[in-house]
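Some notes on the structure that comes next.
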Amino acid sequence: MKMNIWKKACFALLATVAIPVWAQHVHISTDKTSLVLEAAEGETLTFAYYGDKISDSEIGNMLVAGTPKKDAYPAYGMQCIAETALSAVHVDGNMTLQLVVSGVRSTTEPNGAKVTSIVLKDKVYPFTVNVNYRTYPNKEIIETWTEISHQEKGVVKLTQFASGYLPLRVGDVWVSHLYGSWANEARVDEEPLQHGMLVIKNKDGARNTHTSHPEVMISLDGKPQENTGRVIGAALCYSGNYKLRFDTGDEDYHWFFAGINEENSEYHLQKGETFVTPVLALTYSKEGLGGVSRNFHRWAREYKLAHGNKLRKILLNSWEGVYFNINEAGMDQMMADISSMGGELFVMDDGWFGDKYPRKNDSSSLGDWVVDTNKLPHGIKGLLQSAKKHGIRFGIWIEPEMANTVSELYEKHPEYIIKPTNREPNLGRGGTQVVLDLSNPKVQDLVFQVVDTLMTNYPEIDYIKWDANAPIMNHGSQYLTKDNQSHLYIEYHRGLEKVLKRIRAKYPDVTIQDCASGGGRANYGLLPYFDEFWVSDDTDALQRVYMQWGTSYFFPAIAMASHISAAPNHQTFRTIPIKYRIDVAMSGRLGIEIQPKNMTEDEKTLVKNAVAEYKQIRDIVQFGDQYRLLNPNEKKGAASMMFVSEDKTRSVFYWWKTETFCDQHLPRVTMNGLDPQKQYKVHELNRIDNRPLTYEGKVFSGDFLMNNGLEMPLSHDVNYDKRNDYASRVLYLEEVK
Ligand code: GLA
């Protein structure tokens, strides 16, 4: 980070005495972007600029060229008609804030990141807000968040507390954001900003990305383009209820706010306590949506994802193969099968636990994290031995934030669950699921112990799938005082983060998957503690093309668990050939979610081959730069994207047909991200055709591939009895000198 504060002295005449007035400009920058604030002492902190990098010498001109001239962190009370980021009720009932700059600080964090803090103080009340900016220079990311505190004699009520705010010059500004539902997560919506308010929000309580997401792309130059145009990306790094607001009135700017959803969450701030808002990460690119995605991906891999620089193992997960029907012989068979197909890890999903109440289905046992010895007489130890015998690693499913009312935990500790006083709770999955009250430190200990006990007893466990299958349906904490019931949502996520921090401090190496009824928790609040997330409970390969496309707007492929599953698919009942299922799964963190016993020999051979081929390209998918080429949402009959290694010497290209007609004419896809000067040899992976492609083994320049691309045959050249209505291709490109 580079921060320049230049001071310009001017003079104002007051009576006959000249008094210097200091105008300070804070320039926060990354390698290619700048954010400029006007921070004159005793004055309102105003927002001047965010976008392409400008030099220090250009700042003066930039300021006279015209700026939003708006508070950088607008607070309620003295400009009531505007939307605000912050509102508070002082101890004496006064509902106004008037914040002015009292200083600028720069600090370096232990990992070397630079943080600039502008200290704002109320003109009358002892109320302070630090507006913070952290920069990741070569990732083009600027994080902003605030710290709110006071020294009033009593409790100040915070009624709004956004993390950050950004003015956007009115023009043809569009917003791209994700929407969805269970089994249809991360679909893309794009819309122009018009008058009124666009609100993107979540109120699930526990999970926050099944429906909309706390990340957006803001295209400043008209309808969103993949490779061109100025785009701002914003990601609220938070796991709880959020609210993103775009307000457009009669001014020259749209006002964008992002933060915790304050609804039903009034916060009572004690004297001396500091309320820290979640980080809002901003990035900017002139390379369209793709440029912003690549910025997020690079930043995530280095800073926001556990082990973002380590290759992921290829795994078999037991869920769709056996559901709750776990038993020792079955697990051993699945381990033998994944091992024989070249896999490296087996994950035993739901159904392995419960003593007094064995987990036969989803209506009991959550909370009782002891092995069901009827199903697994030799316990986890026996399973670990099996894994060792088959030369693979072992992983296990847990859902530690939850209980069922049919469980020993609930019998012993009914006070641990979230429920309102004087009312019976509404129950979730299986008719009995409840959420544990993570605002309670005893519950935090309990959740920590679920992992700690497993890992202490079985340190060989390599992978944990951490699930969360219920929202907070009833507002009520049995732990929080009656005055602080409105803290529940916030304290839940503080509690969760505390537990995750403890787990990571003690078990830094274990791989942990972030799952919440599928993709309910794909957010940058939690990902620093997790290695990956389950994109969706929907494993239908065609629908995954759309969901993984949307997910890739903000999240890198290394974090996207993507599994080959059965046909007909268990969610859509669509029958998709194994080749296509493989080709889609191979564009993320490859896994398998199928009963291998039910696979044909042909299918097994293809999967085995795909696993071997994936191992050769895994580093490109997991660490490379992603270029989206043909958008499935544009309904052109196909979708395509590619990954390119950082040094541009290797690449993997994906193409999937999304619909089939006779006399179909699909666009010829041009590639992207290659070095135009380099020569690349083309080799098809997962080939099923009787004859190789006409360009198999041929060498093309990056320039040719990016300007002309290669024709994709509309169907596969296979024997008549193997024909079907799907087609897909995976090409490996390698530089030849
Ligand atoms: C959730 C997960 C699934 C599976 C089940 C087990 O739905 O998303 O992958 O683990 O729970 O009950």
Side-chain angles (χ1 to χ4, degrees), residues 180-186 204 206-211 239 315-326 330-331 334 345-354 357-369 372 375 394-404 406-407 427-435 450 454 463-471 511-523 526 530-541 543-544 547-548 551 559-566 569-572 585 588-595:
S181 66
W182 174 80
N184 189 26
E185 292 90 337
D204 182 284
R207 303 91 41 90
N208 69 6
T209 61
H210 263 135
T211 51
S239 56
L315 61 85
L316 171 67
N317 177 292
S318 68
W319 180 242
E320 288 194 17
V322 297
Y323 292 101
F324 294 99
N325 301 322
I326 302 277
M331 297 297 97
M334 288 182 112
L345 169 72
F346 172 73
V347 181
M348 177 175 66
D349 209 285
D350 199 350
W352 60 268
F353 52 94
Y357 302 105
R359 177 88 163 166
K360 295 202 172 87
N361 52 46
D362 60 9
S363 67
S364 72
S365 328
L366 294 175
D368 300 347
W369 301 106
D372 175 353
K375 288 179 176 176
F394 177 79
I396 195 164
W397 178 96
I398 50 172
E399 197 182 349
E401 297 154 75
M402 306 284 164
N404 290 105
V406 184
S407 70
L427 303 172
R429 189 182 184 203
T432 58
Q433 186 156 339
V434 287
V435 183
V450 175
L454 276 174
Y463 179 107
I464 289 172
K465 175 172 173 178
W466 178 306
D467 215 333
N469 288 318
T511 303
I512 314 184
Q513 183 186 75
D514 169 8
C515 176
S517 311
R521 272 187 172 168
N523 64 62
L526 288 182
F530 291 87
D531 298 68
E532 60 175 31
F533 57 88
W534 185 220
V535 174
S536 176
D537 272 349
D538 185 346
T539 56
D540 175 289
Q543 200 165 342
R544 278 285 183 128
M547 293 189 285
Q548 295 181 184
T551 304
M560 289 161 55
S562 177
H563 295 180
I564 303 166
S565 63
N569 178 267
H570 292 191
Q571 294 80 40
T572 62
R589 193 281 283 134
L590 177 67
I592 302 164
E593 181 128 356
I594 203 167
Q595 171 52 280

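For the numbers below, each heavy atom of this structure counts, side chains included, while hydrogens, waters and symmetry mates do not. Note that ligands are numbered from 1 as they come in the structure, with each ligand's atoms numbered from 1 the same way. All of these numbers come straight from a predicted model, not from anything done at the bench.
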D349 backbone acceptor or donor facing S318 side chain under 3.5 Å:
yes
Give the numbers and elements of all ligand 1 atoms closer than 4.0 Å to a heavy atom of N469.
1 (C), 7 (O), 11 (O)
Using modelled atom types and a 3.5 Å cut-off, is there a donor and acceptor pairing between side-chain atoms of N469 and backbone atoms of S517?
yes
Considering heavy atoms of the protein only, find what lies nearest to atom 8 (O) of ligand 1 and give residue, atom and distance to 0.1 Å.
D537 OD1, 2.5 Å
Counting only heavy atoms closer than 4.0 Å, does ligand 1 sit against the backbone of K465, its side chain, both, or neither?
side chain
So is E593 touching ligand 1 or not, going by heavy atoms under 4.0 Å?
no
Nearest neighbour in protein (non-hydrogen) for atom 11 (O) of ligand 1:
D467 OD2, 3.0 Å
With no hydrogens and no angle check, is any side-chain donor or acceptor of N404 less than 3.5 Å from a backbone partner on V406?
no
List ligand 1 atoms under 4.0 Å from G518, heavy atoms only on the residue side.
8 (O)
Between S517 and ligand 1, which part of the residue brings a heavy atom under 4.0 Å of the ligand: side chain, backbone, both or neither?
backbone
Pairs of nitrogen or oxygen atoms closer than 3.5 Å, one from C515 and one from ligand 1: do any exist?
no
Determine the sole option in D537, T539, I592 for which the side chain to side chain contact (heavy atoms under 4.5 Å, CB included) test with E320 is passed.
T539
If we ignore hydrogens and angles and just use 3.5 Å, is the side chain of R521 paired with the main-chain N or O of N208 as donor and acceptor?
no
Just to confirm my output: which protein heavy-atom neighbour is closest to atom 12 (O) of ligand 1, and how far is it?
D350 OD2, 2.6 Å
Under a 4.0 Å heavy-atom limit, does H563 contact ligand 1 with its side chain, its backbone, both, or neither?
neither
Any salt bridge between D372 and R359, counting N to O under 4.0 Å?
no
When only distance counts, is D349 in polar contact with ligand 1, meaning an N/O pair under 3.5 Å?
yes
Pick from Y463, W534, W466: which one makes a side-chain hydrogen bond (donor to acceptor under 3.5 Å, both in side chains) with Q513?
Y463
Of the side chain and backbone of D362, name the one, both, or neither that has a heavy atom under 4.0 Å from an atom of ligand 1.
neither
Is the centre of the W352 ring less than 6.0 Å from the centre of the F324 ring?
no
